[in-house]
J.: 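Before anything else, here's the structure in question.
No hydrogens, no waters, no symmetry mates; every other heavy atom, side chains included, goes into these values. Here the structure is a predicted model, which is why all the values come from computation and not from measurement.
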Amino acid sequence: MYSVSLLYWSGKRWGAVTTGAALIGAALVTLYWPLFVALLLTVGVLALASRYHSDLIKGEMRANILRERIQHLLALSMLLVGLQYGANAIMLKLGITPYLMRPDVGDAFLPIAGAIELKAILTLGIWDQNHPAAAVMLTVVILTGLLCKRAFCGWACPLGLAGEYLYKLRKRFIKPELLPPAWLDWPLRMLKYLLLEGLLYIVLGMPSASIPHYLEGNYHKIADHKMALFITPGLITLACFAVILLLAAWRRQGFCRYICPYGALLGLTSFLSPFKIRRSTQHCLIEAKGMNCDKCTRACPANIKVHVQGTVRSDECQACMRCISACPKPKALHLSTRNGIKLSARGLTIMLLLLLFIIPLIAYVGGFWVSQTPTEIRMYLIQHLGSIGH
């Protein structure tokens, strides 16, 4: 619905009509009453917000502000998902039939399962029925990298937002940047690619013939709770979280830059994205007036030397548009294709939201989203979680 609003106020009336029709069509196909309630509530919230924050509803604000608000709203939505998931799991653990449904979008935190499911679809034509949302969300994340670089990292990832707050908190007490030297930074950046390689080894190393057995096994059926069990307090868990928190506080985007395998995956796919940050030498102050301006570089959280590059091709660029916002010449920097098709902050928001929500909605309507694992089996498995292995 927010995409409908942004499309309408940006003059893309047919795009707004098409997106709105897709939502209404999905609601009519499913005949699922909570979806109708959610749509009505959203329309009401947007109408109310338009009176007090019309710039937000229309997307008429600087890229930094729009990005921060989108990131906070998506983080809030994931927090609500986590609370709902936790309540569902507790009721299952206690042997109570849950009155809160399990939020299938939580399967987005099962990248290995999602990759195995994609392999099953491509090699065997099998669609997993236990965690179908894992394959859908992994596909969505990859598509964001292919179409709009690492915008998922810069605009949507809640871990990136948490890392930003940790970094700001550290800067209040310890002012220096504490950046590693260049000869150390590059090897550290390769760590996330090693982690990605390890995950790919697990997925690609699994014989296709054994995938159906794995997908029907008890471990896979309860994989989400196994993941949740990993993040419960324990020595290994605390050590992992300590490393993550220290990296996030040590340098800006430390976790994303050094150890996030999703960041590595999106970094690779972003090379194929047609949209990149491009600098116009005709309008840039360095070329036009010979000034020593590096505001774009200083604004970049990934420390990319934007002011000396014609096209930013770095795998660390998250399309956050901080460099564009910092540039004193509006036409000097832009996110665009090689052919000159520009993507504004509002356009990037629309593209990202459509990918994150419309594709899962289509999967939901098509019956490839909701887990088909019976509640009774899930209840039994979660009560015997410690004894279930691969």
J.: For atom NZ of Lys295, decide whether the heavy atoms of other residues, nucleotides or ligands shown that lie under 6.0 angstrom number more than 12.
T.: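 For Lys295, atom NZ is not crowded (no more than 12 foreign heavy atoms under 6.0 Å).
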J.: With Pro360 as reference, evaluate Val105, Val365, Val140, Leu355 under the side-chain contact (heavy atoms from CB on, under 4.5 Å) test and give the passing residue.
T.: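 Single side-chain contact (heavy atoms from CB on, under 4.5 Å) partner of Pro360 among Val105, Val365, Val140, Leu355: Val140.
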J.: Would the distance check show the side chain of Asp107 and the main-chain N or O of Pro132 forming a donor-acceptor pair, the cut-off being under 3.5 Å?
T.: no
J.: Please say whether the positively charged group of Arg13, taken as NZ for Lys or CZ for Arg, lies over the ring of Tyr8, i.e. under 6.0 angstrom from the six-membered ring centre and within 45 degrees of the axis.
T.: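 Pair Arg13/Tyr8 counts as cation-pi.
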J.: Main chain of Val370, side chain of Gln372: is a donor-acceptor contact present, judged purely on distance under 3.5 Å?
T.: yes
J.: Could you check whether His220 and Asp128, counting side-chain N and O atoms only, form a donor-acceptor pair closer than 3.5 Å?
T.: yes
J.: Looking at Ser270 and Arg150, would you say the former's side chain and the latter's main chain have a donor-acceptor pair under 3.5 Å?
T.: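 No, Ser270 side chain to Arg150 backbone: no donor-acceptor pair under 3.5 Å.
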J.: Using the salt bridge (Lys or Arg N to Asp or Glu O under 4.0 Å) criterion, which residues pair with Lys221? Sequence neighbours excluded.
T.: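 Lys221 satisfies salt bridge (Lys or Arg N to Asp or Glu O under 4.0 Å) with no residue once adjacent residues are dropped.
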J.: Do Arg189 and Asp315 pass the side-chain contact (heavy atoms from CB on, under 4.5 Å) test, and can you show the C-alpha distance, the side-chain angles, and the key distance before you say yes or no?
T.: CA-CA 10 Å; Arg189 284 172 54 193; Asp315 58 332; 2.8 Å; yes
J.: Is it true that atom CH2 of Trp250 has more than 12 heavy atoms of other residues, nucleotides or ligands lying nearer than 6.0 Å?
T.: yes
J.: Under the salt bridge (Lys or Arg N to Asp or Glu O under 4.0 Å) rule, what do Asp55 and Arg62 come out as? Steps first, then yes or no, please.
T.: CA-CA 10 Å; Asp55 56 341; Arg62 292 183 68 85; over 6 Å; no
J.: Determine, stepwise, if the pair Gln253 / Gln318 fulfils side chain to side chain donor-acceptor pair (under 3.5 Å).
T.: CA-CA 10 Å; Gln253 297 183 353; Gln318 297 184 1; 3.3 Å; yes
J.: Could you work out the complete set of other residues in the hydrophobic cluster of Val308, with links drawn between I, L, V, M, F, W and Y side chains under 4.5 Å apart?
T.: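 The other cluster members (ILVMFWY side chains, heavy atoms under 4.5 Å, direct or chained): none.
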J.: Begin from the C-alpha positions of Ser371 and Asp104 and carry the test side chain to side chain donor-acceptor pair (under 3.5 Å) through to its verdict.
T.: CA-CA 7 Å; Ser371 173; Asp104 291 277; 4.8 Å; no
J.: Is the number of heavy atoms from other residues, nucleotides or ligands within 6.0 Å of CD (Glu197) greater than 12?
T.: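 Counting other residues, nucleotides and ligands, CD of Glu197 stays at 12 neighbours or fewer.
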J.: Does anything in residues 336-351 form a side chain to side chain donor-acceptor pair (under 3.5 Å)? List the pairs, not counting sequence neighbours.
T.: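 As it turns out, the side chain to side chain donor-acceptor pair (under 3.5 Å) pairs with a partner in residues 336-351, which skip direct neighbours, are His334-Ser336.
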J.: Is atom OH of Tyr165 surrounded by more than 12 heavy atoms (other residues, nucleotides or ligands) closer than 6.0 Å?
T.: no
J.: Within a reach of under 6.0 Å around OH of Tyr380, are more than 12 heavy atoms found that belong to other residues, nucleotides or ligands?
T.: no
J.: My understanding is that only one of Lys149, Lys192, Arg252, Lys305 makes a salt bridge (charged side-chain N to carboxylate O under 4.0 Å, His left out) with Glu316; could you say which?
T.: Lys192
